[in-house]
**Q** 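First the structure, which I've put down as C-alpha cells, then a few questions once you've had a look.
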Amino acid sequence: MKPICDLLEERVLAAMAAVGGAGAPAVVRPTQDGRFGDYQANGVMGLAKKNKSNPRQLAEQIVEQLDVADMCEQPEIAGPGFINFRLKPEWLAGRLLEAVRDPQRLGVDAAENSPVTVVDFSSPNIAKQMHVGHLRSTIIGDVIARVLDFWYGEPSKVVRQNHVGDWGLQMGMINVGAVIQALKNLSGEKNVQEYGSWEKLRGCIPLSEMVFNINELEWQYKEVNIEIKSDPWVENACREATLNLQKGEPEETEFWKKACEVSLNACHEIYEQLGVKLGLDDVCGESFYNDRLPGVIEDFAKEGLLEESEGAQCVFLEGFKSKEGEPLPLIVQKSDGAFLYATTDLAAIRYRVGELKAERVIYVTDSRQKLHFEMVFAAAKKAGWVDDSVHLEHVPFGSVLGKDNRPFKTRSGETVKLKGLLDEATKRARKIVEEKNPELSEELKDEISQAVGIGAVKYADLSNNLVSDYVFDWDKMLAMEGNTAPYMQYAYARVQSIFRKGQIDIDELLGRHEQLELNEPEELQLAKLLLRYGEIVEAVAGDLRPHIMTGYLFELAQAFSSFYTNCPVLKADEAVRDYRLLLCLQTARTIKHGLGLLGIEVIEQM
RNA sequence: GCGCCUGUAGCUCAGUCCGGAUAGAGCGACGGUUUCCUAAACCGUAGGUCGUGGGUUCGAGUCCCGCCAGGCGUACCA
C-alpha cells in the first residue's frame with residue numbers, strides 16, 4: 001500500500017500540473033492540528049510566489065482540478081493558501097481493513113531498488129568486557145540493520161559487520177599479561193623482573209596450555225599496564241609478542257585465537273541478553289584486514305597521493321586543517337612502520353565495496369569519530385575506490401552520561417560493564433513486577449522482567465535524538481508513565497488481554513469481515529495513526545533516526561489507551577465489537593512490529 | 001586558534017536537513033475519573049523573550065551573517 005501522504009502528493013501534483021504548475025513541489029504533510037484536517041498541502045504558496053499569482057486564487061484553481069473525492073471530504077483552502085484534507089471515515093476503514101489483511105508487512109510496501117548495505121556496528125575489543133561505551137553503537141546499529149532489512153524487503157540486502165578490535169599491540173599485551181600472571185600463580189608473589197624479555201618469559205610456560213576466562217583476561221591486561229610502568233622491559237616484551245603474532249608464530253597465534261574465542265563468546269552472551277542480532281558470522285575484525293593493509297599504502301603511492309611527513313606516511317586531503325592551520329594529514333602508516341585504524345578502515349571500505357559489493361556503508365560510532373570518518377571517506381573517494389554510486393555514511397551519536405553530566409562511570413570511577421548493567425536492569429524490573437503483580441507465576445515474572453528491563457535500557461537510548469548526549473537514569477527509563485518501554489509494553493499487554501478475555505479466534509474474526517466502520521473519535525484517531533506506520537518506517541529508514549519510531553509508537557499507544565478507556569470492546573454490540581477488535585488487532589501488531597524493529601520484546605501479560 | 005555538535009516550558013526532550021497556520025510531548029505541579037476488557041491507565045488546568053543581535057521572506061524555532069555559553073575534536077590511540 002502506498003502511504004497516504006504519497007497518494008495525496010500525487011493527486012496534488014497532478015492538479016498543480018493541470019493549472020500550469022508542473023514541477024513544483026506539493027509539500028504534503030500531516031497537519032499539526034486536527035482543526036486543519038488530517039493532511040495539508042503547502043506547495044501552493046511556493047508556486048504562487050514563483051508565478052507571482054495570488055496564492056488563494058491559485059489554491060482555488062488547484063482544488064477545482066483536484067480529484068480526491070474517493071478518499072477525502074471536500075478539501076478546504078485556509079490561511080494564506082494551505083489546502084487541508086480530511087480523510088473520509090469509510091475510506092480509512094477500507095484501507096485499514098486492507099492493512100489488517102497483511103499480517104506480514106502491515107500494509108507497508110518494500111522499497112524499490114534498494115542498495116546492498118553494510119552496517120558496521122558494536123565493534124568491541126578483544127580481551128576486554130563490553131562496557132557502556134559499546135551500548136549505543138550496539139543497539140542503534142542493530143535497529144538500523146533491522147529497519148533497513150524490513151524496508152528493503154526480501155531477499156535481504158543488509159550485511160552486518162562487527163569490526164572487532166582483535167589486532168595490534170594489545171594482543172601482545174594480553175599474552176605477556178597472561179604469562180606473568182601464570183608465573184605469579186606458580187611461584188607466589190615472585191617478582192617477574194628477572195626475566196627481562198619476552199623470549200625468556202614465554203619459555204617458562206607453554207602458551208598453548210594456558211586456560212583463562214574473560215575476567216582473567218581483562219584483569220591481566222590491566223596488570224600489564226601497571227607492570228609496564230614499573231618494569232620498562234615489559235613494554236618491549238609486549239612488542240615482541242605482538243611481532244611474533246604478526247609473523248604467525250604458532251604459540252602466539254594459538255594463544256591469540258583462544259583469547260579471541262573467549263572474548264567473542266562473552267560478547268555474544270551480551271548480544272543474546274540484549275536481543276541484538278549480531279552473530280559470529282558477522283565478526284570481521286581488524287585482523288581480517290591484516291594482509292590487505294600494505295595494499296592500501298601501495299595504492300595510495302600508485303595514485304601519487306602518499307606523502308611522507310615527519311616520518312609518517314600520509315594522505316593530505318583538501319579542507320582539513322590542523323591546530324596550527326597547516327594541512328591536516330590522514331596518517332596511514334606510522335613513522336615506525338606500523339599501520340593504524342585509518343589504514344584498517346580504508347582496507348575495510350575496499351573489501352566492502354569491492355568484495356561484498358556494498359552500495360551503501362553505514363558506520364555507527366560515537367560522534368567523536370566524525371572527523372576520522374570524514375577523512376577516511378574523502379581518502380577512499382580520492383583514491384577512486386568508491387565512486388558516486390556508493391554511499392558512505394557515518395551515523396554519529398552522543399555519549400551516555402551519569403547524573404553528574406559526566407561520562408557514565410561507577411561510583412569508584414570504573415567503566416560500567418554491560419553485563420552488570422543489563423543484569424541490574426532486569427533485577428530492577430523484577431522488583432517492580434513483584435510489587436505490581438505478585439500473583440503471577442515465577443516463570444512469567446522472569447519473562448516480564450527480562451523484556452521490560454532490557455527494553456527500558458534500549459528504549460531510553462533510542463528515544464533520544466542520536467546526536468545528543470543523554471543521562472542514564474534508571475527511574476526514568478523504568479517509569480510506567482511517559483515515553484518509555486514499559487508504557488508501550490503495557491499498552492500491548494492490555495490489547496492482548498482483550499483477546500484473551502474474549503477468547504477471540506483471530507482467523508475466524510478476520511474471515512467474518514468484509515467491511516469495517518469507524519465512528520467514535522477515538523476509533524478514527526487510532527485508525528489514522530495505524531495507517532501512518534508505513535510513512536514512519538520510511539522516515540526512519542531514510543533518516544536513520546530511531547527516535548522517530550519511538551515517538552510514533554508512543555503516540556499510537558496513547559491513542560490506544562484513550563480508545564481503551566472510552567470505547568469498550570468486548571461489551572459493545574456485536575458489529576461494533578468486531579470493528580473494535582480489528583482495531584485492537586492492528587494496534588497490537590503495529591506495536592509489536594514497531595518495537596520489533598527497535599529490537600524490543602513485547603509480553604502478553606504484565 | 002580552527003572545525004563539528006548542542007542551546008526550545010521548572011526538569012527531560014520533539015520540531016531545524018526540506019521555512020508555513022495560535023511552537024508540541026512527557027515528567028513534575030495542581031484538579032478530576034475506578035459497580036465497566038489490566039488505574040503500570042484516562043481526562044483536564046497552569047507553565048515558553050525558541051541562547052542572543054541583525055538580515056532574507058507574504059511568512060523564521062527552521063535559511064544567512066555576527067556574538068554568547070557548554071560539549072567534543074583538532075599528526076602518528078581507537
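Values reported hereafter were calculated over all heavy atoms of this structure, with side chains retained and with hydrogens, waters and symmetry mates removed.
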**Q** Please name the residue in the list A/Glu522, A/Glu520, A/Glu523 that meets the side-chain hydrogen bond (donor to acceptor under 3.5 Å, both in side chains) test with A/Asn566.
**A**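 Of A/Glu522, A/Glu520, A/Glu523, side-chain hydrogen bond (donor to acceptor under 3.5 Å, both in side chains) with A/Asn566 is met by A/Glu522 alone.
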**Q** Pick the P atom in B/G32 and in B/U62, then give their distance to the nearest Å.
**A** 41 Å
**Q** P atom, B/U56 versus B/C65: distance in rounded Å?
**A**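 These two P atoms come out 15 Å apart once rounded.
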**Q** Rounded to whole angstroms, how far apart are CG on A/Leu462 and P on B/A14?
**A**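 Atom-to-atom, A/Leu462 to B/A14, this comes out as 13 Å.
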**Q** Does OP1 or OP2 of B/G59 have a side-chain N or O of A/Asn42 closer than 4.0 Å?
**A**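 For A/Asn42, the contact criterion (side-chain N or O under 4.0 Å from OP1 or OP2 of B/G59) is not met.
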**Q** Can you list the residues that meet the side-chain hydrogen bond (donor to acceptor under 3.5 Å, both in side chains) rule with A/Ser562, with sequence neighbours excluded?
**A**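 A/Ser562: no side-chain hydrogen bond (donor to acceptor under 3.5 Å, both in side chains) contacts found.
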**Q** Could you list the residues that satisfy salt bridge (charged side-chain N to carboxylate O under 4.0 Å, His left out) with A/Glu235, not counting sequence neighbours?
**A** A/Arg239
**Q** Once you round it to whole Å, what is the distance between P of B/G20 and NZ of A/Lys50?
**A** 19 Å
**Q** Nearest whole angstrom, please: distance from the P of B/U12 to the CH2 of A/Trp474.
**A**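 So the CH2-P distance, A/Trp474 to B/U12, works out to 21 Å.
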**Q** How far, in whole Å, is B/A25 from B/C50 if one measures between their C1' atoms?
**A** 15 Å
**Q** Take A/Ser122 and A/Thr138, measure what side-chain hydrogen bond (donor to acceptor under 3.5 Å, both in side chains) needs, and give me the verdict at the end.
**A** CA-CA 4 Å; A/Ser122 196; A/Thr138 304; 2.8 Å; yes
**Q** Can you check whether any acceptor in the base of B/G59 is under 3.5 Å from a donor in the side chain of A/Lys49, or vice versa?
**A** yes
**Q** Mind checking what makes side-chain hydrogen bond (donor to acceptor under 3.5 Å, both in side chains) contact with A/Lys382, not counting sequence neighbours?
**A** A/Glu318
**Q** Look at the side-chain N and O atoms of A/Asn465 and state whether any lies under 4.0 Å from the OP1 or OP2 oxygen of B/A14.
**A** yes
**Q** How many whole angstroms separate atom CD1 of A/Ile548 from atom C1' of B/U16?
**A** 13 Å
**Q** What's the gap between B/C2 and B/G51 when it is taken at their C1' atoms, as a whole Å value?
**A**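 Going atom to atom, C1' in each nucleotide, I get 22 Å.
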**Q** After noting the C-alpha distance and the side-chain angles of A/Glu307 and A/Val315, does the key distance pass the side chain to side chain contact (heavy atoms under 4.5 Å, CB included) rule?
**A** CA-CA 6 Å; A/Glu307 285 180 50; A/Val315 178; over 6 Å; no
**Q** Output the rounded distance in Å from NZ (A/Lys476) to P (B/C11).
**A** 12 Å
**Q** Looking at residues at least two apart in the chain, or sitting in another chain, which of them share a side-chain hydrogen bond (donor to acceptor under 3.5 Å, both in side chains) with A/Thr484?
**A**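 If we apply the side-chain hydrogen bond (donor to acceptor under 3.5 Å, both in side chains) test to A/Thr484, skipping adjacent residues, there are no hits.
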**Q** When you compare the ring of A/Phe36 with the six-membered ring of B/A21's base, are the centres less than 5.5 Å apart and the planes under 30° from each other?
**A** yes
**Q** Return the set of residues passing salt bridge (charged side-chain N to carboxylate O under 4.0 Å, His left out) with A/Arg360 (not counting sequence neighbours), or none when no residue passes.
**A**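 Salt bridge (charged side-chain N to carboxylate O under 4.0 Å, His left out) list for A/Arg360, sorted by chain: A/Glu393.
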**Q** Show me the pairs that pass salt bridge (Lys or Arg N to Asp or Glu O under 4.0 Å) and involve residues 462-478 of chain A, at least two apart or across chains.
**A**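 For residues 462-478 of chain A: A/Lys403-A/Asp473.
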**Q** Rounded to the nearest Å, what distance is computed from the OH atom of residue A/Tyr552 to the P atom of nucleotide B/G26?
**A**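 It works out to 18 Å between those atoms.
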**Q** If a protein heavy atom is under 4.0 Å from the base, mark B; if only from the sugar-phosphate, S; if neither, -; do that for nucleotides 28-44 of chain B going 5' to 3'.
**A** --------SBBSBSSS-
**Q** What interatomic distance, in whole Å, is found between C1' of B/A14 and the corresponding atom of B/G61?
**A** 12 Å
**Q** State whether the distance check finds a donor on one side and an acceptor on the other, under 3.5 Å, for side chain A/Asn84 versus base B/A21.
**A**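 Donor-acceptor pair under 3.5 Å: yes.
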**Q** Apply the test side-chain hydrogen bond (donor to acceptor under 3.5 Å, both in side chains) to residues A/Asn125 and A/His134: give CA-CA distance (whole Å), side-chain angles for both, the deciding distance (0.1 Å), then the verdict.
**A** CA-CA 10 Å; A/Asn125 292 313; A/His134 302 112; 4.6 Å; no
**Q** Taking B/A40 as the reference, what is the distance to B/U22 when you measure between their P atoms (whole Å, please)?
**A**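 Roughly 40 Å separates the two P atoms.
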**Q** Are A/Glu535 and A/Arg532 close enough, and set up right, to give a salt bridge (Lys or Arg N to Asp or Glu O under 4.0 Å), and what steps lead you there?
**A** CA-CA 5 Å; A/Glu535 287 169 29; A/Arg532 287 198 55 199; 3.0 Å; yes
**Q** Given atom CZ of A/Arg29 and atom C1' of B/A21, what is their separation to the nearest angstrom?
**A**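 Atom-to-atom, A/Arg29 to B/A21, this comes out as 15 Å.
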**Q** Hey, which sits more toward the 5' end of RNA chain B by its nearest nucleotide, A/Gly46 or A/Ser463?
**A**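 It is A/Ser463 whose nearest nucleotide is closer to the 5' end.
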**Q** State which residues pass salt bridge (charged side-chain N to carboxylate O under 4.0 Å, His left out) with A/Glu538; sequence neighbours excluded, sorted by chain then number.
**A**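 A/Glu538 satisfies salt bridge (charged side-chain N to carboxylate O under 4.0 Å, His left out) with no other residue.
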**Q** In whole Å, I'd like the distance from the CG atom of A/Asn464 to the C1' atom of B/G15.
**A**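 A/Asn464 atom CG is separated from B/G15 atom C1' by 15 Å.
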**Q** Rounding to the closest angstrom, what is the interatomic distance between B/G15 and B/G24 at atom C1'?
**A**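 It comes out at 7 Å once rounded to the nearest Å.
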**Q** Each nucleotide N or O in nucleotides 61-64 of chain B that has a protein N or O under 3.5 Å away: list the pair and distance.
**A**
none

**Q** Quantified in whole Å, what is the C1' atom distance between nucleotide B/A39 and nucleotide B/U33?
**A**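 Roughly 10 Å separates the two C1' atoms.
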**Q** As an exercise, state the distance from NE2 of A/His547 to CZ of A/Phe554, rounded to the nearest 0.5 Å.
**A** 14.0 Å
**Q** Just do the side chain to side chain contact (heavy atoms under 4.5 Å, CB included) check on A/Arg494 and A/Phe560 with the steps written out, would you?
**A** CA-CA 10 Å; A/Arg494 292 219 285 182; A/Phe560 173 75; 4.3 Å; yes
**Q** Do the side chains of A/Cys284 and A/Tyr351 get nearer than 4.5 Å, heavy atoms only?
**A** yes
**Q** Return the set of residues passing side-chain hydrogen bond (donor to acceptor under 3.5 Å, both in side chains) with A/Glu324 (not counting sequence neighbours), or none when no residue passes.
**A** A/Ser322
**Q** Classify every nucleotide of nucleotides 68-78 of chain B by which part a protein heavy atom approaches to under 4.0 Å, writing B for the base, S for the sugar-phosphate alone and - for neither, in 5'-to-3' order.
**A** ----SSBBBSB
**Q** Which helical stems does RNA chain B take part in, if a stem means at least 3 consecutive Watson-Crick or G-U pairs with both distances below 3.5 Å?
**A**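 In RNA chain B, stems of three or more pairs: B:1-7 with B:68-74, B:10-13 with B:24-27, B:29-33 with B:41-45, B:51-55 with B:63-67.
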